[in-house]
Amino acid sequence: MTLWSRILEALSRLAPGERLSSLFDYLRAPPERSVAFTIAVIALGAKMAKADGTVTRSEVAAFREVFTIPPDEEENAARVFDLARTDVAGFEEYAARIAAMFEDDAETLRDLLEGLFHIALADGDYHPAEDDFLHRVARIFRLDDRAFRSVKAQFVVDAAPDCYDVLGVTPDMGMDEIRDRWRQLVRDTHPDRMIARGLPEEAVKLAEKRLVAINRAWENIQAGTA
């Protein structure tokens with residue numbers, strides 16, 4: 001069964017008139033977590049599309065930057081998008097339910113935030129309303145400002161990263177300790193580790209930008225240019 005057929009199966013659980021956000025109460029355990037992750041990115045992406053004042057069906061194309069959507073599955077992806085876009089529930093409710101589902105799993109919540117950044121920048125523009133939206137989502141996810149700045153620096157060209165923030169270290173730490181942290185982050189960013197956290201295989205490309213940022217930060221710290 002493909003990811004998208006599992007998403008369709010999950011949608012069939014909704015009773016008539018039931019909100020899409022209710023699904024996050026049902027999808028807490030593997031393999032449903034990968035379905036929940038995908039729905040979460042699409043649903044919050046739809047809410048974010050409203051934040052910058054531009055809501056069109058072509059927004060679904062932006063999800064191709066995060067997920068591989070086969071042509072015969074586009075209708076399912078569009079259905080999730082439309083359910084979230086037209087739901088009267090605010091994005092805060094969605095974010096809170098998602099945060100509860102991935103409680104004590106900050107890495108997966110960070111993965112999800114990266115997916116939203118990827119979608120926000122798919123059109124080459126980063127709207128102030130999107131920045132506010134993503135910052136508020138990060139707070140609901142209990143990701144601190146350092147984590148938010150680190151993710152933002154991976155996607156927003158003019159958001160100069162603090163190399164120490166990217167690695168989650170401080171300048172007063174020894175190089176051996178910083179090196180150990182860099183190596184741990186590289187291991188955590190391996191596709192197999194990300195899938196184990198609940199990401200679908202279709203979304204592991206999210207790791208690419210993170211790995212580039214992690215390695216660049218380590219190189220700059222080594223060179224003394226951080």
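It should be emphasised that the depicted structure is a prediction, and the values quoted were computed from it without experimental measurement.
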Could you report the tightest heavy-atom contact between [X] and [Y], atom names first, then the distance?
X	Y	answer
Phe148	Ala138	CD1-CB, 3.8 Å
Arg19	Glu93	NH1-OE1, 3.1 Å
Tyr164	Thr170	CD2-C, 3.7 Å
Ala213	Val166	O-CG1, 3.7 Å
Gln184	Arg193	NE2-NH2, 4.0 Å

* Describe, in one word, how the ring planes of Phe117 and Phe155 are oriented to each other, choosing from parallel (under 30°), tilted (30 to 60°) and perpendicular (over 60°). => parallel
Is the shortest side-chain heavy-atom distance between [X] and [Y] below 4.5 Å?
X	Y	result
Leu11	Leu83	yes
Phe133	Lys47	yes
Ile119	Ile42	no

* State which residue, out of Ile39, Leu109, Val41, fulfils the side chain to side chain contact (heavy atoms under 4.5 Å, CB included) condition with Ile98. =>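 Among Ile39, Leu109, Val41, the one meeting side chain to side chain contact (heavy atoms under 4.5 Å, CB included) with Ile98 is Leu109.
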* Structure fact -> For Asp125, the salt bridge (Lys or Arg N to Asp or Glu O under 4.0 Å) test, sequence neighbours excluded, returns none
* Under-4.0 Å salt bridge between Arg149 and Asp145 -> no
* Asked: So, Arg181 and Glu177, do they make that salt bridge, N to O below 4.0 Å?
  -> no
* **Side-chain donor-acceptor pair present, Arg110, Ser150, cut-off under 3.5 Å** => yes
* Residue list, side-chain contact (heavy atoms from CB on, under 4.5 Å) with Asp105, at least two apart or on another chain -> Arg33, Phe102, Glu107, Thr108, Arg197
